[in-house]
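Reviewing the structure listed below.
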Amino acid sequence: MRTLSWTMDIRGKGAVVTGGSRGLGAALGSALAARGARVVLVAREASPLEATVKRIRASEGEAHGLAEDIGDKTAIHRIAGAAAALVGPIDLLVHNASTLGPVPLRLLLDTDCEDLERTLGVNVVGPFRLTKALAGPMVLRGRGIVVHVSSDAATSAYPRWGSYGVSKAALDHLNRVWAAELAGTGVRFVSIDPGEMNTRMHADAVPDADPATLADPSQVAARIVSFLQHDDRLPSGARVEAASLEAEP
Ligand SMILES: NC(=O)c1ccc[n+]([C@@H]2O[C@H](COP(=O)([O-])OP(=O)(O)OC[C@H]3O[C@@H](n4cnc5c(N)ncnc54)[C@H](OP(=O)(O)O)[C@@H]3O)[C@@H](O)[C@H]2O)c1
């Protein structure tokens, strides 16, 4: 892996954030728009997505919403085409949308094969398809950053987190292979484990967790966006924990 400068001047750049209607994705959308990016958020449910878009437009900057399912293969080219039509070339792609699969989380012996397939479809195959649709133009322009939002379940074998953990491990490896294959093109990849955050996903997975012990997604988003703008240390294809990143300078 080669070490490349991560620094991206976000101002005016087209950015797609999947899973952008709430939680970390909405916080990333806000943080990117506040720094001048032209943001497209993707989520399935139109009404919370539109509410987030409206809030960002009122206080932070440019945002648009696309109500699509990242696990639906027919949606991928609609997303790529509509995003470019709305904000121009996409220089930043954040694969943040994710499913846990059925909750309460189940042991592998109790996991339906179809549920594992659906989890892999949303968490791995969808991101793969969307990168395929958007990375070609990035290579032609000689620049782009693709962020894969990972989890500690990618590296630790937590009982009951099987299908989700397998999908995040696969996503991390997809990140490494993309980076190896596109080395030298100016398109860079990073996997980021955001750590435990106070979001609906966390509440669905661990309903009795104390929210006071969990990070606020906006703080995690600020670290990630700061990293994308300022951090030169890591090679393309790296996996990093958000907690290890510097907060906004
Ligand atoms: N929260 C944590 O403690 C934690 C820890 C480690 C890693 N992560 C990772 O961080 C990322 C963000 O998680 P979060 O906690 O912010 O989750 P969240 O609050 O549940 O938000 C998930 C977002 O993804 C969207 N989404 C879900 N399935 C989708 C699909 N098939 N197509 C398009 N959009 C979809 C949701 O909107 P719709 O439902 O309307 O589609 C929502 O906007 C995920 O990748 C997660 O695995 C979270």
Side-chain angles (χ1 to χ4, degrees), residues 1-8 10 15 17-20 22-32 35 92-100 105 119 122-124 127 131 144-180 187-206 209-249:
M1 288 192 291
R2 297 173 49 197
T3 301
L4 294 163
S5 168
W6 280 101
T7 308
M8 177 181 265
I10 281 169
V17 180
T18 69
R22 62 174 189 263
L24 179 62
L28 283 167
S30 294
L32 290 167
R35 288 156 186 79
L92 177 60
L93 171 59
V94 184
H95 295 297
N96 167 78
S98 178
T99 180
L100 291 164
L105 295 169
T119 301
V122 172
N123 296 2
V124 185
T131 300
I145 295 179
V146 180
V147 178
H148 295 100
V149 179
S150 183
S151 164
D152 59 342
T155 56
S156 294
Y158 299 126
R160 299 183 188 276
W161 290 77
S163 22
Y164 175 82
V166 165
S167 75
K168 292 295 189 179
L171 191 69
D172 278 355
H173 203 57
L174 190 63
N175 178 70
R176 291 183 200 102
V177 178
W178 274 124
V187 184
R188 294 154 293 163
F189 296 82
V190 64
S191 249
I192 302 181
D193 171 4
E196 290 192 275
M197 299 172 292
N198 184 14
T199 66
R200 187 184 306 175
M201 177 179 279
H202 197 284
D204 286 345
V206 193
D210 176 2
T213 64
L214 306 173
D216 185 314
S218 63
Q219 289 165 356
V220 177
R223 286 176 185 274
I224 292 174
V225 172
S226 175
F227 164 75
L228 297 175
Q229 289 182 293
H230 304 294
D231 195 316
D232 273 350
R233 294 167 305 165
L234 293 168
S236 181
R239 182 182 195 281
V240 63
E241 293 177 8
S244 73
L245 300 174
E246 302 287 329
E248 196 77 32

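Just so it is clear, the model here is predicted, and its values are computed rather than measured.
Between Val17 and Val147 the shortest side-chain heavy-atom distance does not fall below 4.5 Å.
Listed by chain and residue number, Tyr158 satisfy the side chain to side chain donor-acceptor pair (under 3.5 Å) test with Asp152 (two or more places apart in sequence, or in another chain). Remark: Thr131 pairs with His95 by the side chain to side chain donor-acceptor pair (under 3.5 Å) rule, at least two apart or across chains. Asn123 is linked by a side-chain contact (heavy atoms from CB on, under 4.5 Å) to Ser98, Thr99, Thr119, Tyr164, Ser167, counting only residues two or more places apart in sequence or in another chain. Every residue was checked against the side chain to side chain donor-acceptor pair (under 3.5 Å) condition with Asn198, not counting sequence neighbours, and none meets it. Not counting sequence neighbours, the partners of Ser218 by the side chain to side chain donor-acceptor pair (under 3.5 Å) test are Asp216. Residues satisfying the side-chain contact (heavy atoms from CB on, under 4.5 Å) test with Ala170, not counting sequence neighbours, are Val124. Considering only residues two or more places apart in sequence or on other chains, Val240 meets the side-chain contact (heavy atoms from CB on, under 4.5 Å) condition with Val190, Ile192, Leu234, Ser244, Leu245. A search for side-chain contact (heavy atoms from CB on, under 4.5 Å) contacts involving Thr199 returns Met197, Met201, His202, Pro217, not counting sequence neighbours.
A donor-acceptor distance shorter than 3.5 angstrom exists from the side chain of Asn96 to the backbone of Gly19, with no hydrogens or angles considered.
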Test side chain to side chain contact (heavy atoms under 4.5 Å, CB included) applied to Met8 and Leu228, step by step: CA-CA 6 Å; Met8 177 181 265; Leu228 297 175; 5.6 Å; no
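Applying the salt bridge (charged side-chain N to carboxylate O under 4.0 Å, His left out) rule to pairs touching residues 154-173 yields Asp172-Arg239, sequence neighbours excluded.
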